[in-house]
There are 2 protein chains.
Amino acid sequence: MRPTIKDIAERAGVSKTTVSFALNDPSRISVETYNRVMSIVTELDYVPSPVARTLTTKRLGALGLLLPQPITEALRNPYVVEIVRGIGELCAERELSLTMLPPLRGRVLEAARRAFVDGLITIGVGPDHEVVELLNRRRIPFVTIDGADTDATVNVGVDDEGAAYGLMRHLLDLGHRRVAILALMPDTIKLPEERFSLVRDRRIAGFSRALAELSLSLESPGICVVPAESSIEGGDAAVSALLARSGEPLPTAVVAMADIVALGAYEACRKAGLAIPGDLSVAGFDDIPLAESANPPLTTIHQPGRKKGAAAAALVVELLDGVDAEHRRVLHRCLETRLVVRASTAAPRPDPAASGLARASSPAS
Amino acid sequence: MRPTIKDIAERAGVSKTTVSFALNDPSRISVETYNRVMSIVTELDYVPSPVARTLTTKRLGALGLLLPQPITEALRNPYVVEIVRGIGELCAERELSLTMLPPLRGRVLEAARRAFVDGLITIGVGPDHEVVELLNRRRIPFVTIDGADTDATVNVGVDDEGAAYGLMRHLLDLGHRRVAILALMPDTIKLPEERFSLVRDRRIAGFSRALAELSLSLESPGICVVPAESSIEGGDAAVSALLARSGEPLPTAVVAMADIVALGAYEACRKAGLAIPGDLSVAGFDDIPLAESANPPLTTIHQPGRKKGAAAAALVVELLDGVDAEHRRVLHRCLETRLVVRASTAAPRPDPAASGLARASSPAS
DNA sequence: GTCGATAGCTAAACCGCTTTAGTAATACGG
DNA sequence: CCGTATTACTAAAGCGGTTTAGCTATCGAC
């Protein structure tokens with residue numbers, strides 16, 4: 001159906017080689033021949049099969065994004081969408097296409113093996129992930145987003161620990177002492193030894209550090225960590241359950257590891273008739289586009305999702321280009337985050353039970 | 001680097017053919033040989049090159065989504081994200097990957113030519129689009145989303161005209177007589193003869209019909225159609241400009257052809273200090289996830305974006321499977337829409353200038 | 001007039017796989 | 001014991017390109 005190089009060659013009365021030259025290196029043939037060949041190419045609307053071409057050139061013109069979840073799930077999180085958009089920026093620039101690679105048979109590894117691309121980008125894959133070993137062994141250029149800065153991977157990320165510290169500090173400074181942390185779910189498709197995501201762990205560490213400054217910890221009364229799926233529903237469910245918990249005093253603040261989860265918390269508050277931030281302060285992480293226009297606008301950690309994607313893609317392309325150059329040095333890119341205080345966080349209502357104490361001044365630094 | 005079938009064959013002391021059989025049709029070889037081959041396959045972590053395989057099998061396990069805009073732009077609209085998620089559902093089911101194909105050198109056609117996929121899905125491509133001719137000529141299975149129901153294409157869509165009618169009717173019934181329509185931008189990468197998108201035209205037609213029932217038209221005073229880019233910023237800009245317009249009375253309602261644009265209108269109102277729906281009613285189209293949680297919740301036309309994507313993908317797969325069967329009949333799938341009345345629309349304030357009239361009862365049907 | 005370049009083209013190998021056609025060996029029916 | 005299936009395997013062709021090596025004709029230089 002689709003014309004092949006042979007068809008063109010025959011029609012033009014030349015060899016396949018000549019057609020190939022016309023397309024790839026016109027200087028090697030005469031102008032007349034070039035014109036003749038190209039007119040047929042245009043007439044038949046011929047485009048060399050990228051598949052066949054790849055067989056020899058090893059270049060496909062496609063970047064792959066290894067997703068930790070099925071496409072449907074992954075794109076529920078606007079933060080992921082932002083990353084994809086960032087990668088898209090570079091794709092446009094370099095005329096690359098982008099292939100989304102969901103786990104195959106439940107394994108990211110399978111998807112990576114079958115991947116049909118020049119280079120790969122992963123989200124949330126740590127250096128111990130089985131996929132890293134495979135890709136390094138096969139020398140497939142790849143860059144991790146939100147992975148870790150080790151020799152095994154080229155990574156683009158942020159200072160999760162520091163950002164989390166800042167966020168928790170903000171809440172503590174406001175006077176909150178009973179705060180619930182909505183943590184990212186342990187990623188089911190990770191390897192056993194990496195049960196919790198790196199990002200989660202680093203943020204937990206940051207939260208802990210801030211708490212420690214007030215002699216608090218994750219185990220202190222009033223502080224709790226509950227897992228929530230990265231979606232509105234996930235946040236809603238987690239907070240609704242929290243609010244329904246009887247016996248203990250309710251938290252005065254909720255901090256989510258993803259804005260989308262924080263917005264789920266909004267939903268739960270609405271149902272429970274709780275005012276934000278009057279009854280409950282809510283903070284998020286990511287600063288997705290919605291965060292600003294939410295009601296109330298969400299206090300969160302701004303994370304440059306688009307830039308992350310773009311930076312990762314740029315690095316992959318760099319790896320792609322500099323494969324032979326000894327250039328292939330391990331690189332890490334750490335992008336900036338910042339605390340964006342909006343209207344969803346405020347000082348807690350004075351606690352009738354323990355007034356005076358809850359209102360403690362800001363801690364020693 | 002990556003082992004080839006030859007490596008496996010040599011190590012196992014068999015021919016390439018035998019290895020191929022082991023992988024694709026074990027029944028054709030003895031159990032012992034199978035085991036021997038597979039142990040080497042496992043040992044070397046061998047996976048057949050999808051590229052090479054494709055050359056002969058003509059199947060590469062990927063669906064392509066032809067985007068009318070660069071990835072970054074396209075994914076700004078959550079409605080598009082929903083469609084992608086829908087396609088993702090089917091991809092997960094059939095273990096396919098999804099390739100996003102932004103225009104190449106400004107042309108969708110170029111992207112289609114180079115596409116590296118088994119089947120394609122397009123968004124907003126009409127039967128007259130150059131790409132349709134190409135794909136039909138090449139017999140590449142493809143399905144259009146929001147295209148048109150003609151013989152040239154297999155399409156998945158909704159009754160845009162009817163939905164638009166219902167939406168406008170809702171506003172008119174509330175008593176609005178001065179309404180601004182925020183229309184989709186003419187798509188720059190379309191062919192000249194198809195300057196405006198089909199969807200836009202059909203919705204405009206629906207609006208017109210509703211207006212006509214009250215002896216109004218798009219040209220009537222108070223009614224206006226302004227183009228807006230499909231993004232929050234686009235809606236914000238368009239409505240801000242509208243509000244800044246001096247001389248004419250302001251519209252009492254704004255109806256956008258995309259929720260994301262309607263949310264931009266929210267933004268413009270906030271800046272202008274206008275209350276929704278008190279000062280201005282706002283309605284959208286699509287019912288993206290945000291619409292419900294926006295403040296106020298947005299009145300809109302619910303469109304099953306996910307289902308559209310899933311249905312389109314299902315049709316492509318069907319085409320893929322039934323290529324030989326004379327099965328390849330032209331199909332059209334029209335999904336349901338429904339008007340979702342939320343809190344962003346209400347009766348306009350009584351017009352001091354023309355009271356009594358503006359409050360006319362609902363029109364004769 | 002011969003030789004070496006150079007320009008312009010092509011045959012053939014190759015990329016890594018599938019598939020067709022065929023071979024050799026064993027099993028089976030009469 | 002012969003002819004025919006059946007089983008287990010392989011050689012080779014082919015998919016659609018690129019690339020290497022080589023061939024032929026023309027041309028300029030000595």
Side-chain angles (χ1 to χ4, degrees), chain A residues 1-38 40-41 44-62 113-118 138-140 323-324, chain B residues 1-38 40-41 44-62 113-118 138-140 323-324:
Chain A
M1 215 57 258
R2 174 176 189 155
T4 72
I5 198 171
K6 202 176 147 202
D7 299 325
I8 307 297
E10 281 169 4
R11 290 273 269 258
V14 296
S15 70
K16 293 193 303 174
T17 310
T18 303
V19 177
S20 182
F21 285 160
L23 262 34
N24 301 311
D25 185 5
S27 77
R28 299 189 59 168
I29 56 176
S30 70
V31 178
E32 306 88 68
T33 309
Y34 173 78
N35 288 334
R36 185 152 39 91
V37 170
M38 289 314 277
I40 309 244
V41 164
L44 295 193
D45 209 8
Y46 169 74
V47 175
S49 153
V51 184
R53 168 175 273 168
T54 298
L55 215 45
T56 48
T57 63
K58 313 291 187 195
R59 274 297 184 94
L60 213 38
R113 292 170 119 167
R114 307 225 117 89
F116 218 26
V117 297
D118 295 326
R138 292 277 161 85
R139 297 205 191 288
I140 297 174
V323 167
D324 38 355
Chain B
M1 213 61 258
R2 175 175 189 155
T4 73
I5 197 172
K6 203 177 145 205
D7 299 326
I8 307 298
E10 281 169 3
R11 289 274 269 255
V14 297
S15 71
K16 294 191 301 174
T17 310
T18 303
V19 177
S20 183
F21 285 159
L23 262 34
N24 302 310
D25 185 5
S27 78
R28 299 189 57 170
I29 57 177
S30 69
V31 177
E32 306 87 68
T33 309
Y34 172 79
N35 288 334
R36 186 151 38 93
V37 170
M38 289 314 278
I40 308 239
V41 164
L44 296 192
D45 207 7
Y46 169 74
V47 175
S49 152
V51 183
R53 167 176 276 168
T54 299
L55 215 45
T56 47
T57 61
K58 311 292 186 195
R59 275 296 184 92
L60 46 79
R113 289 169 120 170
R114 308 221 116 89
F116 216 26
V117 297
D118 295 325
R138 292 274 164 85
R139 297 204 192 287
I140 297 175
V323 167
D324 38 356

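Below, chains carry the letters A, B, ... as their sequence lines are ordered, and counting in each starts from 1. Just the heavy atoms: all of them, side chains too, but no hydrogens, waters or symmetry mates, feed the values below.
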| request: Figure out the NZ/P separation between K6(B) and dT18(C), and round it to whole Å. | output: 16 Å

| said: Rounded to the nearest 0.5 Å, what separates atom CD1 in I8(B) from atom CD in E10(B)? | reply: 10.0 Å

| note | Among dG16(C), dT18(C), dT20(D), the one nearest any side-chain atom of R28(A) is dT20(D)

| field | S30(A) side-chain proximity, nearest of dC15(D), dC9(C), dC9(D) | value | dC9(C)

| Which residues pass the ring pair (Phe, Tyr, Trp, His ring centres under 6.0 Å) test with F116(A), sequence neighbours left out? | F116(B)

| request: Could you note down all residue pairs passing side-chain hydrogen bond (donor to acceptor under 3.5 Å, both in side chains) where residues 20-33 of chain A supplies at least one of them, sequence neighbours left out? | output: S20(A)-N24(A), N24(A)-R53(A), D25(A)-S27(A), S30(A)-T33(A)

| Taking the side chain of R53(B) as heavy atoms from C-beta outward, which of dC17(C), dG8(C), dT20(D) is closest to it? | dC17(C)

| said: If I take atom CG in residue N35(B) and atom P in nucleotide dC9(D), what distance separates them, rounded to the nearest angstrom? | reply: 11 Å

| message | For a quick test of reading the model: is some side-chain N or O of K58(A) closer than 4.0 Å to OP1 or OP2 of dG16(C)? | response | yes

| query | Taking atom C1' of dT23(C) as reference, at what distance in whole Å does atom CD1 of I29(B) sit? | reply | 18 Å

| task | Calculate the interatomic distance between L55(A) atom CG and dG16(C) atom P; express it in whole Å. | result | 7 Å

| task | Mind checking V14(A) for me? I need base, sugar-phosphate or nothing, with any heavy atom below 4.0 Å counting as a touch. | result | sugar-phosphate

| query | Rounded to whole angstroms, how far apart are CZ on R113(A) and P on dC17(C)? | reply | 13 Å

| Quick one: is Y34(A) getting a side-chain N or O under 4.0 Å of the dC9(C) phosphate, OP1 or OP2? | no

| query | Is any side-chain heavy atom of M38(A) closer than 4.5 Å to a side-chain heavy atom of L23(A)? | reply | yes

| remark: Residues in residues 15-27 of chain B with a heavy atom under 4.0 Å of DNA chain D, by number, are S15(B), T17(B), T18(B), F21(B)

| note | Rounded to the nearest 0.5 angstrom, the CD1-CG distance for I29(B) and N35(B) is 9.0 Å

| field | R36(B) vs T56(B), nearer the 5' end of DNA chain D by closest nucleotide | value | R36(B)

| Roughly, in whole Å, what's the span from CD1 in I5(B) to C1' in dT18(C)? | 8 Å

| said: Return the CZ to CG distance between R114(A) and L60(B), rounded to the nearest 0.5 Å. | reply: 13.0 Å

| So does T33(A) get a side-chain nitrogen or oxygen closer than 4.0 Å to the phosphate oxygens (OP1/OP2) of dC9(C)? | yes

| field | Within 6.0 Å of CZ in R11(B), more than 12 heavy atoms from elsewhere | value | no

